[in-house]
Amino acid sequence: MKQFLEGSRVVAEIVKLCKPGVISAYPITPQTHIVEELAKMVADGELVSQFINVESEHSAASVVLGAVATGVRVFTATSSQGLLLMGEVIFNISGMRMPVVLTCANRAISAPINIWNDQQDSMALRDSGWIQIYAENNQEAADFHLIAYRIAEDKSVMLPVMVCMDGFILTHGMEAIDMPEQGQVDKFLPPYNPLYKLDPAEPISMGLLADPGYYMETRYAIQETLEQTLKLIPKVAGEFSSVFGRDYKDCLVEEYKTKDAEKVIVAMGSVCGTVKEVVDGLREKGKKVGLLKIITFRPFPYTRVFEALKNIPKVAVLEKAVSLGAYAPLAVELRACFFNKKKSPKVISSFVAGLGGRDITEQSIKEIFKKLNTKEIALEFIDLKPELIKDEYGE
Amino acid sequence: MENRPLFKSGHTACAGCGQAIAARLVIEAAGENTIIANNTGCLEVFTTGFPESAWGVPWIHSLFENAAAVASGVEAALKYLGKKDTVNVIAQAGDGGTADIGLQALSGMLERGHDVLYVCYDNEAYENTGIQRSGLTPYGANTTTSPPGTVSIGNIHPKKPMIDIVLAHGIPYVATSSAGFPRDIQRKVKKAISIKGPKYIQIHVPCPLGWRHESGKTLDVAKLAVETGLYPLVEYENGVLVSKRQIVPKPVEEYLKVQGRFKHILKNPEELKKVQEIANNNIEKYGLKVQTQ
């Protein structure tokens with residue numbers, strides 16, 4: 001049934017349908033509406049769940065860790081500084097192979113403090129062993145949470161999933177959503193059946209000390225699992241399509257008008273909607289342009305990206321994150337993907353835009369297509385204000 | 001299931017470790033229907049070096065500061081599953097994991113009213129990392145980060161008043177105990193788990209390595225701390241002092257002289273007097289002195 005809802009409400013409604021037994025969260029803009037909606041559902045008895053208000057994100061992540069270890073499906077959501085404060089627990093959750101699902105309402109990182117959207121927060125946690133999926137719109141945000149629980153709790157995976165949705169743009173944006181029925185969700189997502197749990201009937205120890213004789217294999221195992229997950233995600237997306245009727249293909253990438261394209265922008269999240277608009281406009285004028293949307297950023301779908309772009313002459317990576325002191329993180333993956341390959345784009349240029357909530361307009365994207373010529377751009381910030389970067393304190 | 005050991009031998013604690021003695025007493029008093037969340041620290045390291053575990057009950061370790069939050073999650077999950085009435089949850093940590101880095105998570109757990117027993121094994125320093133000062137290191141103690149020197153007498157701060165801090169949360173049960181008094185530990189643990197809501201027990205556990213005492217004297221050292229008034233054994237129910245171990249106070253020197261960490265204090269009459277004052281204040285505050293007719 002189509003409903004016109006705010007993105008945060010959409011996530012809350014979907015999480016409700018997934019029936020988590022324990023929810024724990026600490027408020028941070030722009031994640032708040034998600035957990036407020038869930039708190040109200042619990043207060044009204046619409047959702048039977050233990051809603052634990054904690055004193056920090058560190059404890060929110062720790063509470064869901066303890067609960068999922070006891071054999072119960074869990075949910076948490078955060079953003080920006082909250083995700084960074086969770087950081088220690090984030091690594092711990094994946095290391096302990098706990099299938100937590102977390103919504104990251106993507107927001108800039110302080111300092112300077114800024115509550116608006118970019119993707120520096122989840123990018124900072126990209127090496128944590130979590131699966132990361134980025135939503136373009138609120139329908140995807142809804143659907144990806146269902147896929148997230150299926151992937152996380154699959155016995156061949158047992159790793160946490162972070163569903164990333166752009167703060168404000170999606171969390172506070174209204175959209176008409178095809179909301180699934182409980183019966184469909186129950187069919188797609190069976191109750192959580194843990195491999196191991198804390199149970200006095202079968203006592204086990206979790207979180208042991210691994211010395212140099214054991215530690216490395218635990219990391220290897222996560223790496224192996226994540227590589228295997230690249231095969232599972234398309235399978236689960238296929239099942240999703242058969243139950244709900246929405247087809248995300250392999251759910252790793254989306255190819256938009258790339259088949260004969262000469263110039264392609266690679267991007268993640270809500271900006272892909274704007275890129276599609278620009279692509280449509282330029283196509284009408286006969287320009288051969290397209291978009292490659294990265295849906296699954298971790299594990300990174302190198303093979304899939306290679307196949308999608310190997311015949312494209314010019315590629316621009318557009319991202320809302322930086323790796324200060326180095327090339328931008330998504331661009332690094334694209335360049336690694338084609339390093340030493342016979343077939344490869346001639347140019348992979350890198351553009352950073354939209355940091356701290358600065359709008360990425362159609363004009364910004366047209367400019368990127370324009371700048372995408374024979375000379376590769378190592379890294380360029382788009383839409384900088386010259387009046388703010390003049391050398392006021394120089395000699 | 002019957003008679004299974006809940007805390008098995010073969011772990012790698014130092015000889016004479018007071019924490020190992022107390023931890024075994026705690027879990028044996030709590031019984032097999034217990035889940036433990038353990039902070040990082042000596043107890044976690046010496047009981048669970050992969051692939052071995054000393055624990056005969058379900059046990060989880062996540063990080064240094066979050067056992068109280070992990071235990072909150074375990075308790076919430078048990079409530080959701082309708083099993084909370086049949087399973088005890090214990091969060092346990094050392095003094096650094098409790099009074100310093102884990103204080104916020106502990107406060108959150110107490111304030112939210114989780115049905116969890118929190119046990120702090122107080123060996124008065126970060127012994128696991130090599131005897132560094134914590135918020136529960138006593139006045140004057142020599143640790144590797146509070147060494148006495150030409151212009152310092154060692155640790156210049158008194159112990160953080162953890163009992164007052166947890167009492168201020170209005171929780172139903174708060175007690176101190178000591179490795180030197182095994183029956184006291186077990187009685188208090190049994191009492192605590194019979195009460196619903198958050199409970200806090202802080203157990204004084206000598207560390208032969210860090211305190212520099214003979215490893216065969218652990219229980220004697222622990223008893224002397226109580227008998228001098230430096231570590232009062234008290235018990236509060238709903239904020240009311242319901243029991244205290246009364247003593248015929250011994251001079252603090254008797255406790256200090258059996259340990260290397262206070263050697264420099266014994267040579268300094270002025271500082272020795274200050275330590276005696278700490279004991280005297282405890283004796284007065286809790287009314288520890290045996291009343292004679």
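Bear in mind that the values here come from a model prediction, so they are computed numbers and not experimental data.
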Audit row: A/Q182, A/D186, side chain to side chain donor-acceptor pair (under 3.5 Å) steps and yes/no: CA-CA 6 Å; A/Q182 184 70 61; A/D186 292 345; 2.8 Å; yes
Top of A/M96, A/K197, A/M206, A/H58 for chain B proximity - count of heavy-atom pairs under 4.5 angstrom: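 That would be A/M206.
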For chain B, which of A/G207, A/S56, A/S59 has the most heavy-atom pairs under 4.5 Å?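 Winner by heavy-atom pair count: A/G207.
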If I measure from the heavy atoms of chain A, does [X] come under 4.5 Å with its side chain, its backbone, both, or neither?
X	result
B/E65	side chain
B/E44	side chain
B/I60	both
B/V74	both
B/A37	neither

Check whether the side chains of B/N88 and B/N33 place a donor and an acceptor atom closer than 3.5 Å, and report yes or no.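 Absent: no donor and acceptor within the cut-off.
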Would you say the side chains of B/W55 and B/T48 form a donor-acceptor pair under 3.5 Å?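 Absent: no donor and acceptor within the cut-off.
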Measure distances from [X] to the heavy atoms of chain B and classify the residue's part below 4.5 Å as side chain, backbone, both or neither.
X	result
A/V72	side chain
A/V74	neither
A/S24	neither
A/I52	side chain
A/V64	neither
A/N92	side chain

Residues [X], [Y]: salt bridge by 4.0 Å N-O rule:
X	Y	answer
A/K16	A/E37	no
B/K8	B/E52	no
A/D154	A/R150	no
A/E36	A/K40	no
B/K159	B/D122	yes

Which label fits B/W211 and B/H204: parallel for a plane angle under 30°, tilted from 30 to 60°, or perpendicular past 60°?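 B/W211 and B/H204: tilted rings.
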Report the option among [options] that has the most heavy-atom pairs separated by less than 4.5 Å from atoms of chain A.
options	value
B/S107, B/S62, B/P58, B/A69	B/P58
B/N66, B/V70, B/L63	B/L63
B/M109, B/E75, B/H61	B/H61

Test side chain to side chain donor-acceptor pair (under 3.5 Å) on A/H33 and A/T171; report intermediate values, then the result. CA-CA 8 Å; A/H33 290 186; A/T171 55; over 6 Å; no
